[in-house]
Amino acid sequence: MSESHQQPALARCPGCEEPPASGDLYCGACGYDLSAVPARPDDRPTLAITVPPAAPPAPAPSSAVPPTAPHAPDAPTPPAPAVQWPAASETDSSDVPVPVHRATDLPGTDSGGKPLPASPPVRHDDRAVVGGPAGTEPAAGTAGTIEPPDSSGDFALAAPDPRTAEPTPTPAAGTKVCVACRSGRVDPDGYCENCGHAQPRERDHMEQELGSVAAVSDRGLRHHRNEDSFAVSSTALPDGSPAVVAIVCDGVSSASRPDEASAAAAKAANEALLESLPLGTHPQQAMHEAIVAASEAVNALAQDPPGSAEHDAQRHQNAPACTLVGAIMAGGLLVVGWVGDSRVYWVPDDRTGPPARLTEDDSWAAQMVAAGLMNEAEAYADERAHAITGWLGADSYELEPHTASFKPDRPGLVVVCTDGLWNYAESAEEMAAAVPPEAHRRPLHGAQVLVGHALDGGGHDNVTVALLPFAVEPQGAGSACTTV
């Protein structure tokens with residue numbers, strides 16, 4: 001190291017391109033004698049190709065080396081020096097040769113010091129990396145260029161030839177494409193035939209906003225599918241005044257095809273209301289008829305298909321089933337109807353006023369409280385609390401639709417939801433606290449926030465909520481409530 005100041009400073013080893021440590025006489029990576037550095041040519045090489053040889057090659061005869069190829073001075077068994085190609089004749093504004101040549105365009109030697117085979121120039125899109133070990137020449141009849149090594153000393157792989165790459169098949173019209181690999185076809189079961197990725201179902205998350213009413217439904221964090229469904233719509237009464245409708249249904253998970261049951265019930269109830277309200281049917285009577293229509297639609301799902309086996313007599317014991325809750329705003333009235341344990345809450349815009357729950361559950365806990373056998377806290381703490389006693393389905397007991405009408409004297413928000421939400425905001429006060437203050441102006445945003453509240457709480461069930469802002473005239477007179 002005491003002699004290191006006598007040697008010219010080298011940025012990289014000529015043999016392997018590794019930067020030597022200060023004062024080294026030999027390269028620590030390849031053993032190159034750094035004291036035997038050849039003099040640099042006057043010009044700058046267009047492309048330097050360096051490959052660490054596996055073993056010191058035998059010196060090539062001087063006649064076999066083109067006169068333009070530079071040679072390293074004699075040294076005790078040094079590795080093959082770096083090959084430097086002659087510079088191009090063109091130069092840029094900095095007098096640096098323009099790199100317009102390829103290795104096969106100019107004479108020179110390969111990494112073993114042998115003459116390059118004569119071959120025609122290779123197109124850029126035909127490039128190939130020599131596959132043999134370092135120090136070997138290309139196979140006979142094979143044309144290709146050697147890419148410069150990267151910082152690790154390995155050759156960089158050439159880009160695939162776009163002419164030979166297998167094109168990605170274009171899916172047929174109407175075929176669903178995988179959201180993961182973007183190329184595979186989705187089979188009827190919802191899985192990609194290419195990568196096997198399960199596809200999100202259309203009902204996993206649904207949102208709809210229609211004028212002043214909005215609804216959001218989400219699968220939740222624990223269920224493998226969304227068994228809730230909803231319908232929101234608006235129509236006009238015979239006098240031209242608007243009527244707004246929201247229907248929310250919750251499939252009974254222990255029954256067969258609960259997702260189909262909830263979808264059929266929501267669709268049938270909504271269609272019945274859109275048919276009867278414009279004809280002048282009282283909203284409370286229209287709600288009762290809509291629940292009956294929903295029940296018939298769910299019952300129809302349990303009917304045996306044509307040609308079914310007669311021995312399938314037990315099929316009705318697990319018939320499709322769901323609960324239903326709905327609300328109508330029409331003519332200054334708020335009408336609610338339900339079967340099951342989905343609920344309707346009233347949250348006044350002025351939060352100083354009291355919120356209220358407008359429905360009573362068809363559940364074991366509600367029956368215990370109504371019979372005076374338990375208080376509400378005891379009943380809902382019981383493991384049987386959420387066992388429902390009323391539902392829509394072919395195997396339900398006698399259908400008993402509940403309806404109630406209200407005439408609010410102040411503006412507020414109607415919250416129509418499944419137990420996937422109210423399990424995390426059970427009391428009216430808890431629900432009012434979860435509703436964002438601006439929900440009456442931004443119902444869709446408010447519904448999204450409430451679904452997020454349930455997911456943050458654990459999301460153990462499907463979550464569905466519809467919000468209907470209720471506006472009243474300033475001179476509204478009192479409030480009234482009748483139940484049936």
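Computed from a predicted model, the values in this text were never measured in an experiment.
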Chemist: Verify the neighbour count for atom CD of E193: are there more than 12 heavy atoms of other residues, nucleotides or ligands below 6.0 Å?
Modeler: yes
Chemist: Any chance you could measure Y424, atom OH, to H460, atom NE2, to the nearest 0.5 Å?
Modeler: 5.0 Å
Chemist: Output all residues satisfying side-chain hydrogen bond (donor to acceptor under 3.5 Å, both in side chains) with N462, sequence neighbours left out; order by chain, then residue number.
Modeler: none
Chemist: Less than 4.5 Å apart, any side-chain heavy atom of V463 and any of V465?
Modeler: no
Chemist: To the nearest 0.5 Å, how far apart are CE in M431 and NE2 in H453?
Modeler: 7.5 Å
Chemist: Could you tell me whether the side chains of T418 and D461 share a donor-acceptor contact shorter than 3.5 Å?
Modeler: no
Chemist: Minimum heavy-atom separation for N226 and R203, please, with both atom names.
Modeler: ND2-O, 2.8 Å
Chemist: Do Y345 and W422 have ring centres separated by under 6.0 Å?
Modeler: no
Chemist: Please report the interatomic distance CD(E426) to CZ(R343), rounded to the nearest 0.5 Å.
Modeler: 5.0 Å
Chemist: Say you draw a straight line from CG of D228 to OG1 of T323; how long is it, rounded to the nearest 0.5 Å?
Modeler: 7.5 Å
Chemist: Starting at CG of D341, measure out to CG of D362 and round the result to the nearest 0.5 Å.
Modeler: 8.0 Å
Chemist: Would you please name every residue forming a salt bridge (Lys or Arg N to Asp or Glu O under 4.0 Å) with R225, sequence neighbours left out?
Modeler: E227, D259
Chemist: Can you confirm whether Q208 is buried at CD, in the sense that more than 12 heavy atoms of other residues, nucleotides or ligands lie under 6.0 Å from that atom?
Modeler: yes
Chemist: If you count every heavy atom of other residues, nucleotides or ligands that lies below 6.0 Å from H223 atom NE2, does the total exceed 12?
Modeler: yes
Chemist: Contact between V415 and V344 at the side-chain level, heavy atoms closer than 4.5 Å - yes or no?
Modeler: no
Chemist: Testing the 3.5 Å rule here: is there a donor-acceptor pair between the side chains of Y380 and N423?
Modeler: no
Chemist: Could you verify whether a donor N or O on one side chain and an acceptor N or O on the other, from H402 and E400, lie under 3.5 Å apart?
Modeler: no
Chemist: Which heavy-atom pair separates R351 from P437 by the least distance, and what is that distance?
Modeler: NH2-CA, 3.9 Å
Chemist: What distance do S363 atom OG and H386 atom NE2 have between them, rounded to the nearest 0.5 Å?
Modeler: 8.0 Å
Chemist: Check this for me: E260, atom CD, are more than 12 non-hydrogen atoms of other residues, nucleotides or ligands nearer than 6.0 Å?
Modeler: yes
Chemist: Please assess S262 against D250 for the test side chain to side chain donor-acceptor pair (under 3.5 Å), listing each intermediate value before the final yes or no.
Modeler: CA-CA 6 Å; S262 63; D250 183 357; over 6 Å; no
